[in-house]
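Following: one structure in structure tokens, then a few remarks.
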Amino acid sequence: MNLFREIWQSIVRRDPLSTDKGKSELVFLNVWLHIHPAKVKKENMKFRHSFYLGFITFFLFLILVTTGIVLMVYYRPFPPQAYQDMKDLEFVVFMGPFLRGMHRWAAHGMVVCVFLHMCRVFYTGSYKKPRQFNWVVGVFLFLLTLGLSFTGYLLPWDQLAYWAITVGSNIGSYAPLVGGQLREWLLGGHSVGEAALVRFYVLHVAVLPAAMILFTIVHFWRVRKDGGLSRPIWKLAPPKAAPLVTIGAPAASAAPLKASAASSTKTYGLMEVVTGKPIFETITPEEEEDTVFSYPYAFVREAVALMVTVTGIMMMSLFFHAPLEELANPAKTPNPAKAPWYFLGLQELVSHSAMLGGVVAPALMVLALLAIPYIDRNPSRRPSDRKWAIWLFTLFVVINLVLIVVGTFFRGPGWALVPPWVHVVGGAE
Amino acid sequence: MNRRSFFKLSWGTVGVGALVSALGVSFAAILRFLKPNVFYEPPQAFKIGTPGDFPFGAPTFLVEEKIFIFRDREKGFSAASAVCTHLGCTVAHFQSDQKFHCPCHGSVFGADGAAQHGPAPRALDWFEVTLARDGQLRVDKDKVVPSSYRLMV
């Protein structure tokens, strides 16, 4: 028994979890857990502050990586085989439809959750100083999510995939100067074909996931370095409260902190003494009291979020099948031919003007998103102090949603305006 | 500026410059590498059959080539692209109104291919039709001609 004990202790090398020291060491002696702080602020972990959307997005990404790797085993990225492999997954492979379903619903869920996460961060003002740059990283993660979804869309090589990508890649060709080149470079040809499939495959399974992981690391790192999860709105200090006290470096105007004698029961490690103020948020004594050990408080909540996410995606895959249309047919455009739903707002814009709707409007939208933390210099995070910002962002969200809903449900054959409750018989051929 | 800082600056510039240009050239090479030298695609110029294969009146749609072949009793042969100039969907030719309709965004092109309705930015392309030595019709998609172009056989 002693040997087993020794082996176990050689692995974990920490005090028992019943002690505070053990709880701290669990976090900072473990390479996977030490992205967490040893202690978290209880209120910041409240569900009604963040809705755990960032966690859920990350868990969806984990599901996507896992199911994606398994699906790769049965997939060959060449035009006729790719579609046959889909059929195999549907009818031959053990749990094939379930795995494909999980991959699909997790992908769609990720687009939704990234967007909702962005909304939450905006409405709680959590992109404000010192978190401006992390908002920018987040916008890139959003774009990468769309890129991964778009490249994944082509892989089944059915009619839906083929025409969605034809329309999508042609939108890109309207970009000034580089447009045509960009399209040829992306497709490896003049139309969506064999070369395009391999390229999209490489982007989907190697290039974009790698970029996604790199950006995610930066994103998480900055969450920590920018002061952890943001303070919930309801915990913000009243507008004209006393200035924040900087632990260790009291402002000249503030009353000097009473130095407490070093406790004989704690040990302190001192890395280095440098002058200057810390860049991250400093905490008030009230916040200090609010903290609890990450183990078990934060870990239990994250585990529940993970379980709910996985279960939700599994349920979706059990009850809703990932669609598969007939083999891609370059000669026959389905009517109407629609891009993936998250691009239908864009397609709706493009149906009015290719240049304005397909290039100028989306480029401006992305630039505006990137610039938000630098344009909105109002330091207050209280909703009552930032009515304009909230109105403008809500307008942006509503416009996008309306465009997507119109493109998805109100566009029939020939892109004519057809309400979803009207059934078109035959359609224009 | 003294001797020491001069050398520091100049060697620094040379070093950073060498690194940046080496990386720049490498990445440019990668970008170029991704642009194919040869496209394994159907040829842009191809034979479509003898004139007698094509009926008068309604155009013949060639699926692989994505072109419409028109044969008019007085005017002769012409070939129109079936690729919508908007986002590349395949247009359909309606006998009822003699126009081309795109299923994707509702663009409509007149009988001469001119964009009449919808988001299409320009007219459909018309391609050169010639008679090859062996008596077959030959279409060259690299040669765009005015919509008035006809080949009399």
Side-chain angles (χ1 to χ4, degrees), chain A residues 162-174 181-196 198-199 202-203 207 329-339 346-358 407 411-418 427-429, chain B residues 27-45 58 60-68 81-97 99-109 115-122 124-125 141-142 144:
Chain A
Y162 182 88
W163 289 100
I165 301 306
T166 299
V167 170
S169 60
N170 271 310
I171 293 173
S173 67
Y174 279 97
Q181 282 288 314
L182 190 74
R183 183 163 179 276
E184 197 171 289
W185 190 76
L186 185 69
L187 297 183
H190 298 94
S191 58
V192 177
E194 276 176 53
V198 177
R199 274 162 198 243
V202 171
L203 283 173
V207 180
N329 180 359
K332 190 175 175 299
T333 312
N335 192 354
K338 291 190 177 186
L346 189 59
Q347 192 173 353
E348 177 63 28
L349 285 175
V350 169
S351 77
H352 298 285
S353 157
M355 189 60 201
L356 273 179
R411 290 298 185 178
W415 209 248
L417 208 56
V418 180
E429 184 49 48
Chain B
F27 277 107
I30 289 176
L31 289 185
R32 177 60 187 83
F33 172 79
L34 292 174
K35 192 174 146 53
N37 278 345
V38 176
F39 292 102
Y40 293 95
E41 292 176 341
Q44 291 293 94
T60 308
F61 177 53
L62 301 182
V63 173
E64 295 286 310
E65 294 82 3
K66 288 192 188 178
I67 49 171
F68 292 103
S81 165
V83 178
C84 181
T85 54
H86 181 225
L87 291 176
C89 296
T90 308
V91 299
H93 185 263
F94 287 10
Q95 269 309 105
S96 51
D97 60 359
K99 288 176 181 175
F100 303 91
H101 294 254
C102 179
C104 287
H105 301 95
S107 291
V108 178
F109 304 88
Q116 289 183 343
H117 179 74
R122 57 189 178 81
L124 291 176
D125 287 332
K141 279 197 191 173
D142 281 333
V144 175

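Residue numbers begin at 1 in each chain, while the letters A, B, ... track the order of the sequences.
The backbone N or O of B/R32 lies less than 3.5 Å from no partner atom in the side chain of A/W185, so there is not a single donor-acceptor pair.
For B/Q95, the CD atom is densely surrounded, since the number of other residues' heavy atoms within 6.0 Å is greater than 12. By the 6.0 Å contact criterion, NE2 on A/H352 is enclosed, its count of non-hydrogen atoms from other residues, nucleotides or ligands being greater than 12.
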Without placing hydrogens or testing angles, list every side-chain donor-acceptor pair under 3.5 Å for residues 188-195 of chain A, not counting sequence neighbours.
from, atom 1, to, atom 2, distance (Å)
A/H190, ND1, B/E41, OE1, 2.9
A/H190, NE2, A/E184, OE1, 3.4

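Within the 4.5 Å cutoff, side-chain heavy atoms of A/V350 are placed close to those of B/L87. Under the 4.5 Å side-chain criterion, counting only non-hydrogen atoms from C-beta, B/L34 is in contact with A/R199. No side-chain heavy atom of B/V63 sits less than 4.5 Å from a side-chain heavy atom of A/K332. Between B/K66 and A/P330, some side-chain heavy-atom pair lies under the 4.5 Å cut-off.
Considering only residues two or more places apart in sequence or on other chains, B/C89 meets the disulfide bond (SG atoms under 2.5 Å apart) condition with B/C104.
Residue B/T90 comes nearest to A/T333 through the heavy atom pair N-OG1, 2.8 Å, listed as atom of the first residue, atom of the second, then distance.
Proximity to chain A (any heavy atom under 4.5 Å) is shown, for B/L31, by both the backbone and the side chain. Contact annotation for B/H101: neither backbone nor side-chain heavy atoms come within less than 4.5 Å of a heavy atom of chain A. For B/S96, no part sits under 4.5 Å from any heavy atom of chain A, backbone or side chain. Proximity to chain A is absent for every atom of B/Y40, based on heavy atoms less than 4.5 angstrom apart.
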